[in-house]
Asker: 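Next up is a structure, given as structure tokens.
Reminder, nothing fancy here: chain letters follow the sequence lines and each chain counts from 1. Computed from a prediction, not measured in an experiment: that's the story for all the values here.
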There are 2 protein chains.
Amino acid sequence: MAQMERRPDIAVRLKAAGLRPTRQRTQLAGLLFTGHDRHVTAESLAEESARAGIKVSLATVYNTLHQFEAAGFLRQVVVDAARSYFDTNTGDHQHFFVEDEGLLIDIPGEQIRVSGVPEAPAGLAVDRVDVVVRVKRP
Amino acid sequence: MAQMERRPDIAVRLKAAGLRPTRQRTQLAGLLFTGHDRHVTAESLAEESARAGIKVSLATVYNTLHQFEAAGFLRQVVVDAARSYFDTNTGDHQHFFVEDEGLLIDIPGEQIRVSGVPEAPAGLAVDRVDVVVRVKRP
DNA sequence: TCATAGATTAGAATTATTCTAAACTAGTTG
DNA sequence: CAACTAGTTTAGAATAATTCTAATCTATGA
């Protein structure tokens with residue numbers, strides 16, 4: 001979320017979510033919550049961490065992404081059967097997905113509109129409506 | 001596709017797609033294209049085949065699903081990071097996805113409407129707009 | 001009937017992800 | 001501040017879906 005960039009704040013937010021502000025979690029949060037929206041995969045975040053000199057195992061990157069998701073700091077985006085993306089923008093919005101590049105681009109929620117969604121089948125409630133606009137080179 | 005259920009027709013369609021009408025492809029098509037829309041995974045189709053007494057390897061099920069997709073007989077639906085779904089309905093429509101059960105339910109294309117999709121980023125063209133309505137028990 | 005290009009297959013290989021059990025650390029308590 | 005402990009991290013093994021390989025089969029045209 002937007003204002004997580006101030007380091008002292010990170011610890012507070014982690015604690016509020018019941019997560020100890022360990023070095024790994026704090027540093028990963030530092031990479032992720034820089035103020036602008038980001039899309040990462042476990043692999044991409046692990047590489048970025050390595051480049052940034054952060055010592056963290058891939059297992060911890062996976063754990064952390066899932067914990068951040070459970071805490072509401074991240075949202076998982078399912079667009080590619082091959083890998084999982086996590087989005088630092090947890091607000092109402094949708095995505096372009098550039099298949100050939102594996103690239104996600106946000107579409108603001110106010111911009112796109114879905115109507116005519118039928119009632120959920122009996123016993124079920126709508127959790128979320130995901131729109132993926134798949135784009136490619138013509 | 002709707003009218004593939006008549007067996008003689010299957011061979012013709014396979015040939016038209018440049019695919020030899022082998023026993024495996026013909027029998028799998030027989031399971032898939034029964035006239036009503038179906039959603040399968042490689043695993044589910046392999047099991048169903050076994051139950052139906054069709055002798056086919058899992059590798060061939062995977063191959064066949066991809067070939068049928070390339071031929072336009074099937075469409076891949078990305079809703080679950082864990083496995084790939086294939087839909088016999090290749091027309092304009094969208095889906096409910098019941099997360100806990102891994103169940104897909106069609107939403108007719110006329111029923112649902114997406115507006116306000118911004119222009120594709122420079123050099124890219126919209127390939128398809130996918131809507132997934134995620135539902136769960138409340 | 002034959003030859004052969006295309007298909008199928010078992011099993012190995014690959015890839016993303018999760019699990020495990022041992023080693024570590026943040027936060028608390030005495 | 002030393003000791004304790006519950007929660008974390010980690011390397012590496014394990015899993016699961018999918019793809020690859022190379023050997024064996026088969027549809028089909030001559």
Side-chain angles (χ1 to χ4, degrees), chain A residues 7-8 10-31 39-50 53-71 73-74 76-86 102 104, chain B residues 7-8 10-31 39-50 53-71 73-74 76-86 102 104:
Chain A
R7 294 323 188 63
I10 288 179
V12 172
R13 283 164 173 273
L14 288 176
K15 275 185 200 149
L19 297 170
R20 279 193 194 165
T22 62
R23 175 181 57 76
Q24 289 86 337
R25 292 208 269 238
T26 306
Q27 295 188 137
L28 288 176
L31 286 183
H39 302 101
V40 302
T41 63
E43 208 68 49
S44 81
L45 183 58
E47 281 167 26
E48 185 181 342
S49 301
I54 295 176
K55 221 182 141 291
V56 59
S57 70
L58 185 56
T60 296
V61 171
Y62 273 104
N63 289 341
T64 302
L65 286 173
H66 287 135
Q67 291 154 355
F68 283 6
E69 187 200 10
F73 300 155
L74 290 176
Q76 189 164 8
V77 185
V78 180
V79 283
D80 187 340
R83 86 199 86 259
S84 288
Y85 288 80
F86 291 84
L104 277 173
Chain B
R7 296 320 188 62
I10 289 178
V12 173
R13 282 165 174 273
L14 288 176
K15 275 184 202 148
L19 297 171
R20 282 193 192 166
T22 62
R23 175 180 59 74
Q24 289 86 337
R25 292 209 268 237
T26 307
Q27 296 188 133
L28 288 176
L31 286 183
H39 303 101
V40 301
T41 63
E43 208 67 50
S44 81
L45 184 57
E47 280 167 26
E48 184 179 344
S49 301
I54 295 174
K55 222 184 141 292
V56 59
S57 71
L58 185 56
T60 296
V61 171
Y62 273 103
N63 289 341
T64 303
L65 285 173
H66 287 135
Q67 291 154 355
F68 283 6
E69 187 198 11
F73 300 155
L74 290 176
Q76 190 165 7
V77 185
V78 180
V79 284
D80 187 341
R83 86 200 83 260
S84 287
Y85 287 80
F86 291 85
L104 278 173

Asker: When you measure from the side chain of A/Ser44 to the backbone of A/Val40, do you find a donor-acceptor pair of N or O atoms at a distance under 3.5 Å?
Answerer: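 The answer is no, because no donor-acceptor pair under 3.5 Å joins these two groups.
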Asker: Would you name the heavy atoms of A/Leu31 and A/Glu48 that are closest together and state the gap between them?
Answerer: CD2-OE2, 3.8 Å
Asker: Quick one: pull up NZ in A/Lys15 and CD1 in A/Ile10 and give me the separation to the nearest 0.5 Å.
Answerer: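 It comes to 12.5 Å.
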Asker: Within this structure, what is the CZ-to-P distance between A/Phe86 and C/dA16, rounded to whole angstrom?
Answerer: 14 Å
Asker: Using a cut-off of less than 4.0 Å, is there contact between a side-chain N or O of A/Thr60 and OP1 or OP2 of D/dT10?
Answerer: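 Looking at the OP1 and OP2 atoms of D/dT10, one of them is under 4.0 Å from a side-chain N or O of A/Thr60.
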Asker: Got a second to check how far B/Phe73's CZ is from B/Leu28's CG, nearest 0.5 Å?
Answerer: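 B/Phe73 atom CZ to B/Leu28 atom CG measures 13.0 Å (nearest 0.5 Å).
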Asker: Take the protein atom CG of A/Leu19 and the nucleotide atom C1' of C/dG27, then report the distance between them rounded to whole Å.
Answerer: 15 Å
Asker: Please confirm whether the shortest side-chain N or O distance from B/His66 to OP1 or OP2 of D/dT19 is below 4.0 Å.
Answerer: yes
Asker: Ignoring the backbone of A/Ala59, work out which of D/dG12, D/dA27, D/dT8 is nearest its side chain.
Answerer: D/dG12
Asker: Starting at the 5' end of DNA chain D and moving along, which residue's nearest nucleotide shows up first, B/Thr22 or B/Tyr85?
Answerer: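 The residue mapped nearer the 5' terminus is B/Tyr85.
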Asker: Out of D/dT18, C/dT9, D/dT10, which nucleotide sits closest to the side chain of B/Val56?
Answerer: C/dT9
Asker: Taking the side chain of A/Arg20 as heavy atoms from C-beta outward, which of C/dA7, D/dT10, C/dT25 is closest to it?
Answerer: C/dT25
Asker: Is the phosphate of C/dT25 approached by A/Arg23 (side-chain N or O, under 4.0 Å from OP1 or OP2)?
Answerer: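 The answer is no; no side-chain N or O of A/Arg23 sits under 4.0 Å from OP1 or OP2.
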Asker: Rounded to whole angstroms, how far apart are OH on B/Tyr62 and C1' on D/dT21?
Answerer: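 The distance from OH of B/Tyr62 to C1' of D/dT21 comes to 17 Å, rounded to the nearest Å.
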Asker: Within the structure, does a side-chain N or O atom of B/Gln24 lie under 4.0 Å from either OP1 or OP2 of C/dT9?
Answerer: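 Indeed, a polar side-chain atom of B/Gln24 lies that close.
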Asker: What integer distance in Å separates A/Asp80:CG from C/dT17:C1'?
Answerer: 14 Å
Asker: Write down the distance between CD1 (A/Ile54) and P (D/dT10), rounded to a whole number of angstrom.
Answerer: 11 Å
Asker: How far does CG of A/Leu45 sit from CZ of A/Phe86, to the nearest 0.5 angstrom?
Answerer: 10.0 Å
Asker: Report the residue (B/Arg83 or B/Lys15) whose heavy-atom-nearest nucleotide on DNA chain D is the more 5′ of the two.
Answerer: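 Comparing both residues, the 5'-ward one is B/Arg83.
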Asker: Tell me which nucleotide among D/dT28, D/dG7, D/dT18 gets nearest to the side chain of B/Leu58.
Answerer: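 For the B/Leu58 side chain, the nearest candidate turns out to be D/dT18.
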Asker: Would you give the length of the straight line joining atom OG1 of A/Thr22 to atom CG of A/Leu14, rounded to the nearest 0.5 angstrom?
Answerer: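 Reported value, rounded in 0.5 Å steps: 7.5 Å.
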Asker: Any side-chain N or O of B/Ser84 less than 4.0 Å from the OP1 or OP2 oxygen of D/dT18?
Answerer: yes
Asker: Would you mind reading off the distance between A/Gln27 atom CD and D/dT9 atom C1', rounded to a whole angstrom?
Answerer: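 Between C1' of D/dT9 and CD of A/Gln27: 13 Å.
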Asker: Atom CG of B/Leu65 to atom P of C/dT8: distance rounded to whole Å?
Answerer: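 Rounding to the nearest Å, CG of B/Leu65 and P of C/dT8 are 12 Å apart.
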Asker: Distance check needed: D/dT19 C1' versus B/Glu69 CD, whole Å only.
Answerer: 15 Å
Asker: Using heavy-atom distances to pick each residue's nearest nucleotide on DNA chain C, tell me which of A/Pro21 and B/Asn63 is more 5'.
Answerer: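 It is B/Asn63 whose nearest nucleotide is closer to the 5' end.
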Asker: For B/Ala81, which contact category applies under a 4.0 Å heavy-atom criterion: base, sugar-phosphate, or nothing?
Answerer: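 Since no nucleic acid heavy atom lies under 4.0 Å of B/Ala81, the category is nothing.
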